[in-house]
Amino acid sequence: MGEYGSLSKCITVTNAVEHAFCPRFTYFQLVLGIEQREDKRGTVQSGRAFHSRYSTTNKNYKINHLDGIKQTERLLYSRKYSFSGKIDEAIETDKEILIIERKYSDYILIGPTIKTQLGLLAILAEENTGKKVNKAIVVFNKTERVEVPVYINEKIKQIALRMLQKTNHTIISGDMPYSKRDNRCPNCCYRKICP
């Protein structure tokens, strides 16, 4: 099982990504059980519609320069690390899998949240298919379309696994983690209850 074998089975890739964004998401949502109610936010609804267009209603569309079989909406579970997640879109060849992650945003940055997401999705894909994930493409597409290649290496996977471990620690300890206030706080769904 290794270092991360005791991770709670309830953890998902989304939980770890939210923890990377702000660890208090984990505390409010998974420790106290307070829902985000993010479905009421316009940007969230727009983002979901954007994802749906490419993964469910547009199943045959592939980025022009990619060869292989398109996979969508693939829910996977890691027995080794005890977490689950959904790969919205990927291209699978005989030897490898390329993950495609779409972001409804003009803010182009491969930061901790995206690294956590891609690292964990790569771990899921590799464990469940036996094929290597060497690369992902993040497509930022709101007012302008920008494709950013991200090479998946052990460093990104370790960043992702550490975030998964931190998420699990918060759930088990039940302690509110420290989080620095910044310009994202005014738009947070927990802003009214976060000290």
Show, in sequence, the C-alpha distance, side-chain angles and deciding distance for Asp88 and Thr72, and conclude whether the side chain to side chain contact (heavy atoms under 4.5 Å, CB included) test is met. CA-CA 5 Å; Asp88 290 329; Thr72 60; over 6 Å; no

Go through the structure and list residues passing salt bridge (charged side-chain N to carboxylate O under 4.0 Å, His left out) with Arg24, not counting sequence neighbours. none

Is Asp94 atom CG crowded by more than 12 heavy atoms from other residues, nucleotides or ligands, each under 6.0 Å away? no

Would you indicate whether Arg191, at its atom CZ, is surrounded by more than 12 heavy atoms from other residues, nucleotides or ligands within a distance under 6.0 Å? yes

With a 4.0 Å cut-off on N to O distance, would you call Lys70 and Glu89 a salt bridge? yes

How would you list all residue pairs meeting ring-ring contact (aromatic ring centres under 6.0 Å, His included) that involve residues 175-195, not counting sequence neighbours? Phe25-Tyr190, Phe28-Tyr190

Determine whether Asn15 and Leu30 satisfy the following criterion, side chain to side chain contact (heavy atoms under 4.5 Å, CB included), listing intermediate values before the conclusion. CA-CA 9 Å; Asn15 296 148; Leu30 300 178; 3.7 Å; yes

Could you tell me whether the side chain of Thr129 reaches within less than 4.5 Å of the side chain of Arg74, counting heavy atoms only? yes

Nearest 0.5 angstrom please: His19 NE2 to Thr116 OG1, how far? 9.5 Å

Looking at residues at least two apart in the chain, or sitting in another chain, which of them share a salt bridge (charged side-chain N to carboxylate O under 4.0 Å, His left out) with Lys155? none

For Glu154, check side chain to side chain contact (heavy atoms under 4.5 Å, CB included) against everything at least two apart and list the hits. Lys132, Lys157, Gln158

All side chain to side chain contact (heavy atoms under 4.5 Å, CB included) counterparts of Ile156, not counting sequence neighbours: Val150, Asn153

Pairing residues for Glu96 by the side chain to side chain contact (heavy atoms under 4.5 Å, CB included) criterion, not counting sequence neighbours: Thr93, Asn134

